[in-house]
S.K.: 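Before anything else, here's the structure in question.
Order of the sequence lines fixes the chain letters, A, B, ..., with proteins taken first and strands second; residue numbering starts at 1 for each chain.
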Amino acid sequence: GEDVEQSLFLSVREGDSSVINCTYTDSSSTYLYWYKQEPGAGLQLLTYIFSNMDMKQDQRLTVLLNKKDKHLSLRIADTQTGDSAIYFCAEIPEDTGGFKTIFGAGTRLFVKA
Amino acid sequence: KAGVTQTPRYLIKTRGQQVTLSCSPISGHRSVSWYQQTPGQGLQFLFEYFSETQRNKGNFPGRFSGRQFSNSRSEMNVSTLELGDSALYLCASTPDRNTEAFFGQGTRLTVV
């Protein structure tokens, strides 16, 4: 089935680390993605991880993938007020032809100064 | 390279009317998808078009339809608008399988 689940809200203090979690159901996805949506804007790709990797680091971002549990997380180090946004976890199941992106509901990150 | 362009940015319609939204994908991208975003339901997949054919469809009523033209531009239409259709409608284009989707700014539709 196609389902991606995320918690809806996360609040952190500026300078702390943020961890956003996601679970997905379709193990056929080749890549898993994190998108960011700022107020009034469309979605922008933040980072992605290939399904045969456990971890990917990109500057302040760390993506961890537990394929056995179908669990994906995004860690933002040294969170800044500019990181306040909605973060979407997404997968592209192979059985949709590889073009249909399934999104979670999005986690709204609040960063307190 | 120009990004995904959606027009109009904002629309206000009354119940019962119909509306057409437009999306121009990034040049060279042949797949175009549409999503509805509401505070309560999150991001819901509407449909995906590739080479003028609808290949994937979400769970929306038949009032929601779309099409794609030979230049890959896409339109979506909503007929007999309901208050619950008020949402941000996002279009995304993709260059190839299993690659990231590039999103437009969206069209914010308000039904009154």
Side-chain angles (χ1 to χ4, degrees), chain A residues 1-9 20 22-53 56 58 61 63 85-108, chain B residues 2-7 9-10 21 23-26 29-51 53-60 66 68 72 74 87-108:
Chain A
E2 302 170 353
D3 202 10
V4 178
E5 293 188 356
Q6 304 177 236
S7 52
L8 294 182
F9 299 99
I20 302 172
C22 165
T23 57
Y24 61 97
T25 54
D26 199 307
S27 57
S28 71
S29 298
T30 305
Y31 293 94
L32 293 142
Y33 302 83
W34 285 102
Y35 284 82
K36 178 182 180 182
Q37 185 181 35
E38 295 181 351
L43 277 67
Q44 283 188 301
L45 181 70
L46 203 56
T47 187
Y48 65 92
I49 187 166
F50 190 48
S51 59
N52 71 353
M53 295 171 65
K56 178 180 178 182
D58 184 359
L61 306 177
V63 179
I86 304 175
Y87 292 82
F88 292 90
C89 168
E91 61 170 343
I92 304 180
E94 282 289 339
D95 62 3
T96 64
F99 286 94
K100 179 180 172 183
T101 307
I102 308 297
F103 290 90
T107 299
R108 188 177 291 272
Chain B
V4 177
T5 305
Q6 290 188 247
T7 56
R9 287 293 310 277
Y10 302 93
L21 312 182
C23 172
S24 292
I26 292 172
H29 290 194
R30 290 197 294 163
S31 171
V32 175
S33 299
W34 288 89
Y35 295 84
Q36 182 195 65
Q37 186 178 21
T38 57
Q41 299 293 320
L43 208 60
Q44 301 285 310
F45 173 78
L46 279 154
F47 24 66
E48 183 250 342
Y49 286 88
F50 182 86
S51 292
T53 301
Q54 185 184 91
R55 293 192 308 179
N56 288 290
K57 190 176 188 307
N59 296 324
F60 277 81
Q68 187 181 34
S72 293
S74 177
L88 179 67
Y89 289 88
L90 291 165
C91 164
S93 73
T94 308
D96 202 351
R97 295 179 70 249
N98 294 315
T99 57
E100 70 169 291
F102 292 80
F103 281 84
Q105 297 273 66
T107 294
R108 184 163 295 282

S.K.: Considering only heavy atoms from C-beta outward, does the side chain of A:Gln44 approach that of B:Phe102 to under 4.5 Å?
M.R.: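 No. Closest side-chain heavy atoms not under 4.5 Å.
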
S.K.: Any side-chain heavy atom of A:Leu43 sitting closer than 4.5 Å to one from B:Tyr35?
M.R.: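 Heavy-atom side-chain distance check fails, nothing below 4.5 Å.
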
S.K.: What part of B:Arg9 is in contact with chain A, defined as an atom under 4.5 angstrom from a non-hydrogen atom: side chain, backbone, both or neither?
M.R.: side chain

S.K.: Does atom CG of B:Asn59 have more than 12 heavy-atom neighbours from other groups under 6.0 Å away?
M.R.: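 No, not enclosed.
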
S.K.: Identify which part of B:Glu100 has an atom lying under 4.5 Å from any heavy atom of chain A, answering side chain, backbone, both or neither.
M.R.: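 Both parts, backbone and side chain.
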
S.K.: For residues A:Phe88 and B:Gln37, report the shortest heavy-atom separation together with the two atoms involved.
M.R.: CZ-NE2, 3.4 Å

S.K.: Taking every non-hydrogen pair under 4.5 Å, which of B:Ala92, B:Ser31, B:Gly42, B:Cys91 racks up the most with chain A?
M.R.: B:Ser31

S.K.: Which residue out of B:Leu90, B:Thr94, B:Asn56 racks up the most heavy-atom pairs below 4.5 Å with chain A?
M.R.: B:Asn56

S.K.: Could you tell me whether B:Arg108 atom CZ has more than 12 heavy atoms of other residues or ligands within 6.0 Å of it?
M.R.: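 No, the 6.0 Å shell around CZ holds no more than 12 heavy atoms from other groups.
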
S.K.: Is chain A contacted by the side chain of B:Phe50, its backbone, both, or neither, given a heavy-atom distance below 4.5 Å?
M.R.: side chain

S.K.: Locate the shortest heavy-atom distance separating B:Thr99 from A:Ile92; write the atom from each residue and the value.
M.R.: O-CD1, 3.5 Å

S.K.: With sequence neighbours left out, what residues match B:Gln105 under side-chain hydrogen bond (donor to acceptor under 3.5 Å, both in side chains)?
M.R.: none

S.K.: Side chain, backbone, both or neither: which part of A:Tyr48 has a heavy atom under 4.5 Å from chain B?
M.R.: neither

S.K.: Mind checking whether B:Leu88 and A:Gln37 have side chains closer than 4.5 Å, heavy atoms only?
M.R.: yes

S.K.: Is any side-chain heavy atom of B:Phe45 closer than 4.5 Å to a side-chain heavy atom of A:Phe103?
M.R.: no

S.K.: Sequence neighbours left out, what passes side-chain hydrogen bond (donor to acceptor under 3.5 Å, both in side chains) with A:Tyr24? Give chain and number order.
M.R.: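 By the side-chain hydrogen bond (donor to acceptor under 3.5 Å, both in side chains) rule, A:Tyr24 matches no residue at all.
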
